[in-house]
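These figures come from a predicted structure and were not determined experimentally.
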Amino acid sequence: MRKLDGGQLVLASHNKGKLREIAELLRPFGINVSSAADHGLEEPEETEDTFAGNARIKAHYAAKATGLPALSDDSGISVEALNGAPGVYTADWAETPNGRDFAMAMEKTWALLEQKNAPVPRNAAFNCTLCVAWPDGHDELFVGKVDGQVVWPMRGDHGFGYDPIFVPNGHDVTFAEMDPAKKHAMSHRADAFAKLVAGCFD
Ligand code: IMP
């Protein structure tokens with residue numbers, strides 16, 4: 001597996017929640033981190049129907065445009081009783097003409113579960129695929145997951161996205177109620193990140 005030894009990495013994301021969490025996870029490695037916005041990059045269209053496919057699109061786009069290794073994150077929540085939805089379309093469920101509205105997306109998720117009279121616990125998993133791509137076209141993928149359940153009402157002010165309705169297994173608070181350091185230690189992103197560290201850092 002190729003190592004990240006150049007000391008520089010572009011985070012191929014415009015999502016502030018993800019950027020904050022990934023920068024935090026990278027902090028111990030002394031890497032010079034910049035973001036897609038720092039390089040004036042556009043957001044490429046995510047045209048694939050898998051987390052890996054979309055992670056590849058984002059990382060390769062940023063690596064080619066900057067000439068630096070790039071790290072992307074494609075992630076989402078998959079709800080068992082909704083046949084895995086919203087899955088790769090997690091961010092799309094929040095789209096409105098005025099930007100993303102995650103409260104609306106969470107309401108929609110819960111309403112569909114109610115409509116189906118889905119059994120409780122309403123099992124779900126957060127998935128995260130990280131892709132490191134180099135300017136020469138090489139890439140490495142790392143997959144992480146955390147199992148839990150969707151709950152209602154929304155609870156907590158930390159985190160981002162669907163955190164207020166996700167309780168990880170073995171806990172009774174949502175990701176949004178948890179101290180961020182605790183979420184970082186157990187999330188789908190932390191799981192994928194531990195694999196990236198084992199593979200790409202010495
Ligand atoms: P994408 O990877 O840019 O397609 O977007 C993934 C979407 O999944 C984000 O916009 C969030 O809504 C959601 N998501 C991913 N990771 C998390 C997380 O750690 N907490 C809450 N929501 C998340």
Looking only at atom types and distance, does a side-chain atom of [X] sit under 3.5 Å from a main-chain N or O of [Y], one as donor and one as acceptor?
X: K58; Y: P44; value: no
X: S78; Y: A85; value: no
X: K3; Y: G199; value: yes
X: T90; Y: I77; value: yes
X: D163; Y: F160; value: yes
X: N54; Y: D74; value: no
X: S34; Y: V10; value: no

Quick check for you: to the nearest 0.5 Å, what is the distance between [X] atom [atom1] and [Y] atom [atom2]?
X: M154; Y: M106; atom1: CE; atom2: CE; result: 5.0 Å
X: H171; Y: F166; atom1: NE2; atom2: CZ; result: 10.0 Å
X: E42; Y: H14; atom1: CD; atom2: NE2; result: 8.0 Å
X: S72; Y: N15; atom1: OG; atom2: CG; result: 12.5 Å
X: K108; Y: Q115; atom1: NZ; atom2: CD; result: 11.0 Å
X: T66; Y: H39; atom1: OG1; atom2: NE2; result: 5.5 Å

Taking all non-hydrogen atoms of both residues, which atom of [X] and which atom of [Y] are closest, and how far apart?
X: A125; Y: D147; answer: CB-OD1, 3.6 Å
X: S13; Y: A36; answer: O-CB, 3.8 Å
X: A192; Y: C128; answer: CB-O, 3.9 Å
X: G159; Y: R20; answer: O-NH2, 3.7 Å
X: A133; Y: A63; answer: O-CB, 3.6 Å
X: A70; Y: A59; answer: CB-O, 3.5 Å

For T129 and D73, which I'm curious about, is there any donor-acceptor pair between the side chains at under 3.5 Å? no

Worked check of side chain to side chain contact (heavy atoms under 4.5 Å, CB included) between M178 and M186: CA-CA 11 Å; M178 243 178 221; M186 61 173 303; 3.7 Å; yes

Would you please name every residue forming a salt bridge (Lys or Arg N to Asp or Glu O under 4.0 Å) with E21, sequence neighbours left out?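 K183, R189.
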
Output all residues satisfying salt bridge (Lys or Arg N to Asp or Glu O under 4.0 Å) with E43, sequence neighbours left out; order by chain, then residue number. none

Could you state whether I165 and L113 fall into the same hydrophobic cluster, counting links through intermediate Ile, Leu, Val, Met, Phe, Trp or Tyr residues with side-chain heavy atoms under 4.5 angstrom apart?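 Yes, it is one cluster - the side chains of I165 and L113 are joined through contacts under 4.5 Å.
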
Tell me, with the steps shown, if D49 and Y89 meet side chain to side chain contact (heavy atoms under 4.5 Å, CB included). CA-CA 8 Å; D49 59 4; Y89 305 106; 3.7 Å; yes

Verify the neighbour count for atom NZ of K145: are there more than 12 heavy atoms of other residues, nucleotides or ligands below 6.0 Å? no

Just do the side chain to side chain contact (heavy atoms under 4.5 Å, CB included) check on L82 and K116 with the steps written out, would you? CA-CA 9 Å; L82 303 180; K116 286 196 151 198; 4.1 Å; yes

Which residue pairs pass the ring-ring contact (aromatic ring centres under 6.0 Å, His included) test when at least one of the two sits in residues 45-66, sequence neighbours left out? none

Using the ring-ring contact (aromatic ring centres under 6.0 Å, His included) rule, collect all pairs that involve residues 98-125, keeping only residues at least two apart or in two chains. F102-Y162, W110-W152

With E95, which residues qualify under side chain to side chain contact (heavy atoms under 4.5 Å, CB included), at least two apart?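 Partners of E95 by the side chain to side chain contact (heavy atoms under 4.5 Å, CB included) criterion, ordered by chain and then number, come out as R100.
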
Give the intermediate values and the outcome of salt bridge (Lys or Arg N to Asp or Glu O under 4.0 Å) for residues R2 and D136. CA-CA 12 Å; R2 197 183 281 187; D136 68 356; 2.8 Å; yes

Tell me, do [X] and [Y] make a side-chain contact under 4.5 Å, heavy atoms counted?
X: K18; Y: S75; result: yes
X: D191; Y: V146; result: no
X: F175; Y: S187; result: yes
X: L141; Y: R56; result: yes

Given side chain to side chain contact (heavy atoms under 4.5 Å, CB included), test V167 with R155 step by step and report yes or no. CA-CA 10 Å; V167 173; R155 293 170 3 212; 4.2 Å; yes

Transitive ILVMFWY cluster of V197, excluding itself - 4.5 Å side-chain cut-off: M1, L4, L9, L11, L19, I22, L25, L26, F29, I31, V33, L71, L130, V132, W134, F142, F193, L196, F201

